[in-house]
Colleague: 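For reference, the structure I am asking about is given below.
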Amino acid sequence: RPLRSDATDSRAPPPWSPPAPLAQQHTMLRRVAPPLRRALASSAVPHRGGARLLDPGLSSPHALPPQWRRWASAAAASSLPPPPPSPPQGPPRHAGGGSAASSLNPAEVAKFAAIAETWWDSQGPFKPLHLMNPTRLSFIRSTLCRHFRRDPYSAKPLEGLKVIDVGCGGGILSEPLARMGATVTGIDAVDKNIKIAHIHAASDPTTASIEYCCTTAEDLVKENKQFDAVISLEVIEHVANPLEFCQSLSALTVPNGATVISTINRSMRAYAAAIVGAEYILRWLPIGTHEWSKLVTPEELVLALQRASISVEEMAGFFYNPLTREWSLSDDTSINYIAYGIKKSEAPSATPQ
Amino acid sequence: MTLTPARASAAAAHALLRRTRCFAAADRIRKASRAFSSAPAGASEPQVGGVRAGDDELDVAIVGGGMVGLAVACALSNMPLTKHLRVAVIDSNPALKSTNYLKKDGIPDSRVSTVTPATISFFRDIGAWEHILQQRHAFFGKMQVWDYTGLGYTRYNASDVCKEYLGCVVENKVLCNSLLLRLQEQKEDIEKMVYPTRLVSLAFPSKSRNVGVAGLKPPSTEAEELRRSNLVKLDLSDGQTLYSKLVVGADGSKSNVRQIAGIKTTGWSYPQSAIICTVEHTAENDTAWQRFLPSGPIALLPIGDNFSNIVWTMSPEEASRHKSMSSEDFVMSVNRALDFGYGPHPNSSSLDHYVERLFSDFGGTAASTKECFEVPPRAIGLISERMAFPLSLMHSHDYVSKRLALVGDAAHTVHPLAGQGVNLGFGDAAALAKVISEGVSVGADIGDLSLLNRYENDRKGANVAMAAVLDGFQKMYSVDFGPLNVLRAAAFHGAQYISPLKKNIISYAMGDRKSPLFS
């Protein structure tokens with residue numbers, strides 16, 4: 001598995017290397033799930049300015065199942081323009097496409113709105129997030145400190161950095177980031193979450209300066225907002241179109257900025273642990289929180305980010321020890337994993353390669 | 001553009017909350033978020049509505065400025081991640097104003113502690129050990145333990161585990177003074193850090209403290225109230241009020257903090273009291289001696305120069321009799337207890353030598369297995385007052401609760417027979433400082449219960465185990481029953497002649513191992 005050895009070998013980030021040559025990408029893509037491969041294929045062909053990853057001889061969009069077809073056409077039509085913006089037939093399609101073009105999925109939004117009050121109850125449905133939080137934060141701290149050349153022993157290493165937490169929920173991640181000195185913006189699709197986050201953050205002076213908005217990544221991109229670090233944890237498995245979502249995250253990142261994404265792997269072990277174990281047996285999460293078919297594997301995530309001009313530098317897995325009831329970072333990305341990438345420093349060229 | 005989402009969400013929050021009873025909260029948030037909207041982006045100061053956190057708002061309030069409380073303060077001020085935290089020590093003890101080394105001449109205080117090498121390395125890490133070296137202290141490299149039956153003895157030597165010393169005996173006031181001096185080196189405004197008063201009451205954050213009058217106060221006061229409703233409120237005896245994110249209860253076995261927090265304890269009193277005093281010899285003592293007598297152990301510990309400290313555990317009636325007798329009688333009694341009284345001197349037999357040779361194949365012979373029994377040095381005079389203390393075992397059910405952590409004797413007390421009590425406390429201090437530092441590194445709220453639980457999980461196991469071992473020893477040695485005496489004798493012989501077991505025991509007592517038998 002070439003990707004894993006590249007990304008997870010050592011804690012020091014490997015030097016940025018240009019995207020793998022076409023043949024190697026071809027081999028890697030063979031392991032990608034067929035629906036996603038077709039989506040990538042169909043959207044790769046008319047995509048302006050992106051690398052042509054695949055042989056256009058692969059299956060045409062018409063062979064796709066209905067929902068994928070909609071993704072593929074939407075992705076093709078509303079291809080995200082590189083900054084500075086000069087979209088082709090983008091905007092009218094955006095307005096017309098509605099939910100297909102944005103990353104919101106009404107069913108997913110409703111799922112989270114139902115349990116919004118329990119965000120800060122560390123024994124409630126968000127207990128796994130609370131337990132996992134220190135581990136994810138230590139990964140974020142170490143990668144961002146290295147990326148921005150900050151002193152790792154400083155109490156506020158992220159001082160002066162603009163950070164956005166996409167899908168902030170009740171602010172479980174935003175508040176520690178603010179305590180580490182960052183200027184944090186938190187966005188979420190569920191309005192209730194934003195209200196709860198606002199109220200909870202107001203009680204501590206260091207977190208009271210967090211700016212919370214009920215909006216989506218796409219809307220912020222339209223407003224031309226950019227941030228030094230874009231962090232989106234446990235969100236990509238709930239969005240309607242992961243590819244689009246990665247493009248939005250990339251557009252929100254300044255060139256040479258950092259992007260951190262975490263999610264659950266689409267593997268048998270993850271099905272057993274995160275769905276059967278966490279939802280049905282341990283009852284940590286309400287049943288139906290995660291759908292196995294929407295989970296994203298590390299390979300798919302890396303490819304999606306690569307297409308969005310972000311090169312993944314480091315990846316780590318999370319491992320839960322039921323005896324000590326603690327999460328820790330590990331090299332095993334088969335269940336939960338987190339990836340850190342750097343946005344390319346120059347705009348992608350307009351001519352296809 | 002930046003302001004619209006914030007204002008919109010703030011207005012939405014206001015609208016939502018207006019419908020509930022928390023009108024006051026809604027007003028506060030509306031005004032507070034208006035303040036945020038106009039604040040410049042990238043402001044990193046802890047300002048709410050333009051007001052800084054006040055001088056009476058702390059990060060850590062340590063109630064109790066004894067050895068363990070000062071150790072927590074010192075450890076926090078020494079670690080890079082926690083040195084910026086606002087820490088205060090609340091204790092009315094005038095000794096906390098000292099700024100000099102305590103003189104080495106003069107009579108050693110009777111209240112001493114034996115610090116293990118694990119504690120010594122903790123002190124070195126926080127930079128306080130060099131101050132102890134400038135004041136009176138006594139390293140010892142040898143130890144002898146035996147009992148009144150004369151059936152067995154054990155000698156321990158630091159060279160058994162390739163170390164230079166088994167421990168160091170230091171007066172408690174010297175330990176406190178060294179920590180205080182180190183704190184003074186690190187913080188210029190040490191006077192602001194030490195509050196020379198007592199704690200009167202504590203109020204933990206709860207929903208009922210959120211109530212405020214709506215709309216009549218300026219936004220800065222409302223924001224301040226909102227902030228403070230999330231902190232612990234400490235009322236001091238001089239009328240001041242402090243607010244803190246975390247309260248550390250380091251105020252001893254009768255902890256006020258623990259009682260206010262309602263944390264229950266388990267324990268029992270031992271039917272014993274301890275008499276402590278300082279005696280003089282003709283020459284320097286370099287060994288720690290402990291003899292188990294029928295009513296309790298007597299320990300003779302070197303304290304420096306020709307002085308030794310005595311800790312003699314006995315029944316309360318005996319204790320009051322020994323306390324009131326004349327000094328000459330007392331000295332004679334001490335010499336009798338350490339030497340020829342109550343039973344004969346132990347010797348070794350051929351079985352012991354056989355066992356020694358057998359076990360020398362496993363990991364080599366410890367030097368002390370070859371040492372013969374020695375009689376402790378005679379005491380020639382009593383030079384301090386005799387003090388008596390009742391002994392008990394106590395362990396808190398919880399070490400932590402929301403925004404509260406207990407350390408040292410406030411969390412647990414043990415029998416002094418192995419000199420471990422304050423070392424457990426210093427272990428607590430080191431563990432708590434480490435957990436707070438880990439919390440700061442991931443941006444956690446340091447009063448968060450899940451963070452503090454990590455400190456409890458780390459220390460509780462070790463403390464309960466040590467308390468159980470010591471309690472077991474105390475019970476085993478307080479019964480004079482033939483078969484049990486022989487069993488104890490066998491234990492002595494085993495610990496003396498089985499080298500691997502001896503090394504394990506020494507390492508456990510020194511704090512280098514977590515368990516005496518299994519690693």
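Owing to the predicted nature of the structure, the values given are computational and were not obtained by experimental measurement. In what follows, chains carry the letters A, B, and so on, assigned in the order in which the sequence lines appear, proteins first and then strands, with residues in each chain numbered from 1. Reckoned from all heavy atoms, side chains included, excluding hydrogens, waters and symmetry mates.
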Colleague: Can you tell me which portion of A:T207 sits under 4.5 Å from chain B's heavy atoms? Options are side chain, backbone, both or neither.
Modeller: neither

Colleague: Only counting residues at least two apart or in another chain, list the ones meeting ring-ring contact (aromatic ring centres under 6.0 Å, His included) with A:Y320.
Modeller: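 Checked A:Y320 against ring-ring contact (aromatic ring centres under 6.0 Å, His included); matches are A:W284, A:W327.
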
Colleague: What is the distance from atom CG of B:N230 to atom NE2 of A:H200, rounded to the nearest 0.5 Å?
Modeller: 7.0 Å

Colleague: Find out whether B:V442 and A:P176 are in side-chain contact, i.e. whether some heavy atom of one side chain is under 4.5 Å from a heavy atom of the other.
Modeller: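 No; the side chains remain at least 4.5 Å from each other.
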
Colleague: Measuring from A:S203:OG to B:L231:CG, what's the distance to the nearest 0.5 Å?
Modeller: 8.5 Å

Colleague: Roughly how far apart are B:N453 CG and A:R325 CZ, rounded to 0.5 Å?
Modeller: 9.5 Å

Colleague: Find out whether A:R179 and B:D445 are in side-chain contact, i.e. whether some heavy atom of one side chain is under 4.5 Å from a heavy atom of the other.
Modeller: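 Result yes, sub-4.5 Å side-chain heavy-atom pair found.
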
Colleague: Inspect the surroundings of NZ in B:K192 and state if more than 12 heavy atoms from other residues, nucleotides or ligands are less than 6.0 Å away.
Modeller: no

Colleague: Enumerate, atom names and distances included, each donor-acceptor pair closer than 3.5 Å involving a side-chain atom of residues 430-441 of chain B, sequence neighbours excluded.
Modeller:
residue, atom, partner, partner atom, Å
B:E438, OE1, B:R454, NH2, 2.4
B:S441, OG, B:E438, O, 2.8

